[in-house]
**Student:** 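Let me give you the structure first, and then I'll get to my questions.
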Amino acid sequence: MSIEEKFFILLQIVIGRNDNQGIDLSEKEWNTLYDIAIRQSLAGAIFDALEIMSQKGQKPSLNILCDWIGFNEQIKQRNAQLDQFCQKLTSYFEKVGYKSCILKGQGVARLYPKPEVRQPGDIDIWVDAERDDVVRLMQSNGIEVTYVDYVNCHASFFDDVDVEVHFRPIWMFNPFVNRKVPRWIRENKD
């Protein structure tokens, strides 16, 4: 069985689709799986599989386990920090009368069984306002705005996390479909 297949078995264990019958992992494989989990941004989610496997006597060495526990705690702390940043962002735009919505990673994290262990990245926020108005607002408040395009811009709200401010929550490559998107958004944004 390849290491990729074993990785997918760990994922299946986490979501309850595999009761872990007969997956034996060597020390080297545990190291490789840990590396894959980090690269795929799934180290926090897969950590639960370690608990399940430990109950059946299959667990990594103490070194890997300690590394994984430490990394898992860092993920939880970072998520808590990003959640606070998301609240600050939505409050910032709400104060000037703009509705907003956190998109992508932090936005969909609430759909995870354990949102606190989803590996976070940047923050994407959709602001329901015209692009030029949003950019002007941020710049007038001393927020550096870069890479402004049709869909979003990068804004330096925080020192240690990237923020993408979206003017459109979705954009389609097909121009005919893309023309219909604004109407759909107006009808469904609440």
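A quick note: this is a predicted structure, and the numbers were derived from the prediction, not measured.
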**Student:** Between P115 and A109, what is the shortest heavy-atom contact and its length?
**Tutor:**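 That would be CB-O, 3.0 Å.
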**Student:** Drop me the distance from R17's CZ to I9's CD1, to the nearest 0.5 angstrom.
**Tutor:**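 Rounded to the nearest 0.5 Å, the CZ-CD1 separation comes out at 15.0 Å.
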**Student:** What's the shortest heavy-atom distance between H166 and W126, and which atoms?
**Tutor:** O-CD1, 3.3 Å
**Student:** Closer than 4.0 angstrom, basic N to acidic O: yes or no for R110 and D83?
**Tutor:**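 The answer is yes: the pair qualifies as a salt bridge.
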**Student:** Taking L33 as the starting point, is it possible to reach M1 by hopping between hydrophobic residues whose side chains are less than 4.5 Å apart?
**Tutor:** yes
**Student:** Looking at K76, I'd like to know if its NZ atom is crowded, meaning that more than 12 non-hydrogen atoms belonging to other residues, nucleotides or ligands lie closer than 6.0 Å.
**Tutor:**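 Atom NZ in K76 is packed in, count exceeds 12.
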**Student:** Counting only heavy atoms not in E130, do more than 12 fall under 6.0 Å of its CD?
**Tutor:** no
**Student:** What distance separates I125 CD1 from Y92 OH, expressed to the nearest 0.5 Å?
**Tutor:**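 One finds 10.5 Å between CD1 of I125 and OH of Y92.
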**Student:** Run the side chain to side chain contact (heavy atoms under 4.5 Å, CB included) test on R78 and D160 for me, step by step, so that the C-alpha distance in whole Å, both residues' side-chain angles and the decisive distance to 0.1 Å come before the verdict.
**Tutor:** CA-CA 10 Å; R78 184 68 170 163; D160 57 349; 3.7 Å; yes
**Student:** So, for F157 and I143, which heavy atoms are closest and what is the spacing to 0.1 Å?
**Tutor:**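 Where F157 meets I143 most closely, the heavy atoms are CE2-CD1, 3.2 Å.
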**Student:** Should S2 and F7 count as side-chain neighbours, where that means a heavy-atom distance under 4.5 Å?
**Tutor:**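 In short, these two side chains do not touch, never coming nearer than 4.5 Å.
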**Student:** Under a 4.5 Å side-chain heavy-atom rule over Ile, Leu, Val, Met, Phe, Trp and Tyr, are L25 and V14 clustered together?
**Tutor:**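 Unlinked, L25 and V14 end up in two clusters.
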**Student:** Between atom CG of L10 and atom CZ of F47, what is the distance when rounded to the nearest 0.5 Å?
**Tutor:**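 Nearest 0.5 Å value for the CG-CZ distance: 12.5 Å.
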**Student:** What's the spacing between L82 CG and I123 CD1 if we round to 0.5 Å?
**Tutor:** 4.0 Å
**Student:** Determine, step by step, whether E164 and D122 satisfy the side chain to side chain contact (heavy atoms under 4.5 Å, CB included) criterion, reporting the C-alpha distance in whole Å, the side-chain angles of both residues, the deciding distance to 0.1 Å, and the verdict.
**Tutor:** CA-CA 8 Å; E164 288 184 20; D122 65 354; 3.3 Å; yes
**Student:** Does P120 reach the side chain of Q106, with side-chain heavy atoms less than 4.5 Å apart?
**Tutor:** yes
**Student:** Tell me if a side-chain donor or acceptor on K6 pairs with a main-chain N or O of D24 at a distance below 3.5 Å.
**Tutor:** yes
**Student:** Ignoring hydrogens, what is the shortest heavy-atom contact between Q58 and W30? Give both atom names and the distance.
**Tutor:**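 Reported closest heavy-atom pair: O-CZ2, 4.3 Å.
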**Student:** Determine yes or no for a side-chain-to-main-chain donor-acceptor pair under 3.5 angstrom, with Q139 supplying the side chain and V145 the backbone.
**Tutor:**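 Judged by distance alone, no pair lies under 3.5 Å.
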**Student:** If two hydrophobic side chains count as joined below 4.5 Å and joins carry through other members, does I69 share a cluster with L62?
**Tutor:**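 No, because I69 and L62 fall into different hydrophobic clusters, even though each may have its own neighbours under 4.5 Å.
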**Student:** Looking at every non-hydrogen atom in both residues, tell me the closest pair between F167 and V135 and how far apart they are.
**Tutor:**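 Shortest heavy-atom contact: CZ-CG2, 3.9 Å.
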**Student:** Would a single hydrophobic cluster contain both L42 and I15, if residues Ile, Leu, Val, Met, Phe, Trp and Tyr are joined by side-chain heavy-atom contacts under 4.5 Å?
**Tutor:**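 Not linked; separate clusters.
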**Student:** Assigning hydrophobic clusters by single linkage (Ile, Leu, Val, Met, Phe, Trp, Tyr; side-chain heavy-atom cutoff under 4.5 Å), is F158 placed with L137?
**Tutor:**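 Yes; L137 is reachable from F158 via cluster members.
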**Student:** Quick one: pull up CD1 in I64 and CZ in F71 and give me the separation to the nearest 0.5 Å.
**Tutor:** 14.5 Å
**Student:** Taking the side chain as C-beta and beyond, is there a heavy-atom pair between Y147 and N152 under 4.5 Å?
**Tutor:**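 Yes. Closest side-chain heavy atoms under 4.5 Å.
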**Student:** Provide the closest heavy-atom pair for Y112 versus V108 in the form atom of the first, atom of the second, distance.
**Tutor:** CD1-O, 3.6 Å
**Student:** Once you round to the nearest 0.5 Å, how far does CD1 of I46 lie from CH2 of W68?
**Tutor:** 6.0 Å
**Student:** Determine whether I36 and Q40 make a side-chain contact, defined as any pair of heavy atoms from C-beta on separated by less than 4.5 Å.
**Tutor:**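 Contact flag for I36/Q40 side chains = yes.
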**Student:** Do side-chain atoms of N79 reach the backbone of R118 as a donor and acceptor pair under 3.5 angstrom?
**Tutor:** yes
**Student:** Any side-chain donor paired with an acceptor under 3.5 Å for D162 and H154?
**Tutor:** no
